[in-house]
S.K.: 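This is the structure I want to talk about, given as structure tokens.
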2 protein chains.
Amino acid sequence: MKNPIADLNKIFDSRIRLGVMSILVVNDEIGFNDLKQMLELTDGNLASHLNTLEQAEFIKVHKGFIGRKTSTTYSITALGKQAFKAHLDALEKMIRKL
Amino acid sequence: MKNPIADLNKIFDSRIRLGVMSILVVNDEIGFNDLKQMLELTDGNLASHLNTLEQAEFIKVHKGFIGRKTSTTYSITALGKQAFKAHLDALEKMIRKL
DNA sequence: AAAAGTGCTTTGTTTTTCAAAGTTAACCAA
DNA sequence: TTGGTTAACTTTGAAAAACAAAGCACTTTT
């Protein structure tokens with residue numbers, strides 16, 4: 001029998017990164033503070049997970065302004081979409097051996 | 001908006017414990033070495049994850065014999081089945097906001 | 001008697017997670 | 001202009017988790 005967990009992506013072992021991605025799949029763009037509130041995280045914790053996702057090129061950062069206030073938003077990349085889908089497929093395959 | 005990751009079970013953050021449970025859902029009983037080979041783990045690593053699942057009362061251990069050789073097998077408990085299902089439901093709800 | 005297998009436990013290292021505090025830069029109010 | 005606030009981090013350090021390797025008790029096989 002084949003190892004059922006081998007195709008899971010290590011980056012998505014984290015519930016937080018999983019949550020970020022699941023939000024980004026349905027939101028074209030989302031702000032730092034929105035994510036922080038949705039996932040109930042501290043600044044540092046969120047920032048570091050976002051950094052991990054950015055390093056992997058699964059998300060992209062947009063630094064801009066709302067009026068003249070700084071505003072950072074995040075969006076998913078094509079690679080991110082693909083990796084996330086692959087992970088969900090692997091999860092599903094693992095479970096639906098039923 | 002509600003925190004989408006709040007309902008995920010921390011015990012199932014681990015890919016290995018996720019793998020064990022997904023195997024136990026479809027196999028009434030499975031041996032230590034079978035699990036070890038399927039998941040490609042060292043003895044110690046598998047044993048400690050099994051221990052975590054046992055502490056949570058998500059799995060049950062059966063110590064017995066095959067012929068005269070010792071043989072330890074594991075099975076899922078009702079609580080384990082329920083918790084695993086709840087986790088999968090939470091995962092699905094998180095993703096299918098689509 | 002020696003080697004090998006089963007199922008652990010122990011030990012110790014590495015990795016990951018996280019909160020808290022500090023930081024930089026821009027805004028606004030008095 | 002001084003002081004307070006918000007945004008978005010970075011740094012620090014501690015705690016937790018993951019893991020491999022080795023040891024162990026017991027038994028079977030050679």
Side-chain angles (χ1 to χ4, degrees), chain A residues 3-24 27 29-56 58-75 83 87, chain B residues 3-6 8-24 27 29-56 58-75 87:
Chain A
N3 182 343
I5 67 183
D7 292 335
L8 297 177
N9 190 325
K10 282 224 167 88
I11 288 188
F12 301 131
D13 278 1
S14 152
R15 70 212 280 109
I16 293 176
R17 293 191 295 265
L18 212 56
V20 168
M21 294 301 281
S22 80
I23 288 170
L24 284 183
N27 296 95
E29 223 169 333
I30 195 152
F32 184 89
N33 276 312
D34 291 336
L35 278 175
K36 188 179 129 189
Q37 278 156 33
M38 279 180 193
L39 301 174
E40 300 174 45
L41 301 171
T42 56
D43 289 7
N45 196 7
L46 175 57
S48 74
H49 283 291
L50 288 175
N51 195 49
T52 300
L53 290 171
E54 205 194 337
Q55 294 295 96
F58 288 175
I59 67 174
K60 238 179 34 176
V61 187
H62 314 271
K63 278 159 198 294
F65 293 88
I66 292 179
R68 304 182 58 193
K69 233 180 171 173
T70 60
S71 148
T72 308
T73 60
Y74 300 86
S75 62
H87 179 78
Chain B
N3 182 344
I5 67 182
L8 297 176
N9 191 325
K10 283 225 167 86
I11 288 189
F12 302 131
D13 277 2
S14 152
R15 69 212 281 109
I16 293 176
R17 293 191 295 266
L18 211 56
V20 168
M21 293 302 281
S22 80
I23 289 170
L24 284 183
N27 296 96
E29 223 170 332
I30 195 152
F32 184 89
N33 277 311
D34 290 336
L35 278 176
K36 189 179 128 187
Q37 278 156 34
M38 278 180 194
L39 301 174
E40 300 175 45
L41 301 171
T42 56
D43 289 7
N45 195 7
L46 175 56
S48 76
H49 283 291
L50 288 174
N51 195 49
T52 299
L53 290 171
E54 204 194 338
Q55 295 295 96
F58 289 173
I59 66 174
K60 237 179 36 176
V61 187
H62 315 271
K63 276 158 200 294
F65 293 87
I66 291 180
R68 304 181 60 195
K69 234 178 169 173
T70 59
S71 149
T72 309
T73 61
Y74 301 86
S75 63
H87 179 79

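These values consider heavy atoms only, across backbone and side chains, with no hydrogens, waters or symmetry-generated copies. A, B, ... follow the sequence lines: proteins, then strands. Residue 1 opens every chain. Just so it is clear, the model here is predicted, and its values are computed rather than measured.
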S.K.: Nearest to the side chain of S71(B) - dA20(D), dG7(C), dT17(C)?
M.R.: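 Taking heavy atoms from C-beta onward, the closest nucleotide is dG7(C).
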S.K.: Could you give the distance from CG (L53(B)) to CG (L24(B)), rounded to the nearest 0.5 Å?
M.R.: 8.0 Å
S.K.: To the nearest 0.5 Å, what is the distance between NE2 (H87(A)) and CG (L18(A))?
M.R.: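 It is 5.5 Å, given to the nearest 0.5 Å.
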S.K.: If you pin S48(A) and T73(B) to their nearest nucleotides in DNA chain C, which one's is more 5'?
M.R.: T73(B)
S.K.: Tell me the interatomic distance from D13(A), atom CG, to dA16(D), atom C1', rounded to whole angstroms.
M.R.: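 The distance from CG of D13(A) to C1' of dA16(D) comes to 16 Å, rounded to the nearest Å.
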S.K.: Find the distance D43(B):CG to dA25(D):P and express it as a whole number of Å.
M.R.: 16 Å
S.K.: Choosing from dC8(C), dT17(C), dT10(D), which nucleotide comes nearest the side chain of A47(A)?
M.R.: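 Taking heavy atoms from C-beta onward, the closest nucleotide is dT10(D).
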S.K.: Between R17(B) and G44(A), who's closer to the 5' end of DNA chain D by nearest nucleotide?
M.R.: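 Its nucleotide being nearer the 5' end, the pick is G44(A).
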S.K.: I want to verify a distance call: between dA8(D), dA18(D), dT9(C), whose nearest atom is closest to the F32(A) side chain?
M.R.: dA8(D)
S.K.: Specify the separation, in whole Å, of atom NZ of K10(A) and atom C1' of dA18(D).
M.R.: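 It works out to 10 Å between those atoms.
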S.K.: On a heavy-atom basis, which atom in L39(B) and which in N3(A) lie closest, and how many Å separate them?
M.R.: O-ND2, 3.4 Å
S.K.: Of the listed nucleotides (dC8(C), dA19(C), dA20(D)), which one gets closest to any side-chain atom of T42(A)?
M.R.: dA19(C)
S.K.: Is the phosphate of dA19(C), meaning OP1 or OP2, less than 4.0 Å from a side-chain N or O of N45(A)?
M.R.: yes
S.K.: Any chance you could lay out the side chain to side chain contact (heavy atoms under 4.5 Å, CB included) test for I59(B) and M21(B), step after step, and finish with the verdict?
M.R.: CA-CA 8 Å; I59(B) 66 174; M21(B) 293 302 281; 4.0 Å; yes
S.K.: N51(B) or K36(B): which one's nearest nucleotide on DNA chain C is closer to the 5' end?
M.R.: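 In this pair, the answer is K36(B).
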S.K.: Determine yes or no for a side-chain-to-main-chain donor-acceptor pair under 3.5 angstrom, with R15(A) supplying the side chain and L8(B) the backbone.
M.R.: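 Looks like yes, one N/O pair under 3.5 Å.
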S.K.: I need the CG-P distance between L41(A) and dA20(C), as an integer number of Å.
M.R.: 13 Å
S.K.: Which nucleotide wins on minimum distance to the side chain of N33(A), given the candidates dC19(D), dA7(D), dC8(C)?
M.R.: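 Selected nucleotide: dA7(D).
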S.K.: Between dC19(D), dA8(D), dC18(C), which nucleotide gets closest to the side-chain atoms of H49(A)?
M.R.: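 The closest nucleotide is dC18(C).
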S.K.: Just how far, in rounded Å, is C1' of dT16(C) from CG of N9(A)?
M.R.: 16 Å
S.K.: What's the CD1-C1' distance between I11(B) and dA18(D), to the nearest Å?
M.R.: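 The distance from CD1 of I11(B) to C1' of dA18(D) comes to 15 Å, rounded to the nearest Å.
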S.K.: Can you check the I5(B) CD1 to dC18(C) C1' distance for me, whole Å?
M.R.: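 The answer, rounded to whole Å, is 13 Å.
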S.K.: Looking only at side-chain atoms of K63(B), point me to the closest of dC9(D), dG7(C), dT17(C).
M.R.: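 The listed nucleotide nearest to K63(B)'s side chain is dG7(C).
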S.K.: Which whole-number value in Å describes the distance from I16(A) CD1 to dA19(C) C1'?
M.R.: 12 Å
S.K.: Counting just side-chain N and O atoms, does Y74(B) come under 4.0 Å of either OP1 or OP2 of dC8(C)?
M.R.: yes
S.K.: How far apart are the C-alpha atoms of R17(B) and T52(B), what are their side-chain angles, what is the distance that settles it, and do they pass the side chain to side chain contact (heavy atoms under 4.5 Å, CB included) test?
M.R.: CA-CA 9 Å; R17(B) 293 191 295 266; T52(B) 299; 3.9 Å; yes
S.K.: At under 4.0 Å, does any side-chain N or O of T72(B) touch on OP1 or OP2 of dT6(C)?
M.R.: no
S.K.: Mind checking R15(A) for me? I need base, sugar-phosphate or nothing, with any heavy atom below 4.0 Å counting as a touch.
M.R.: nothing
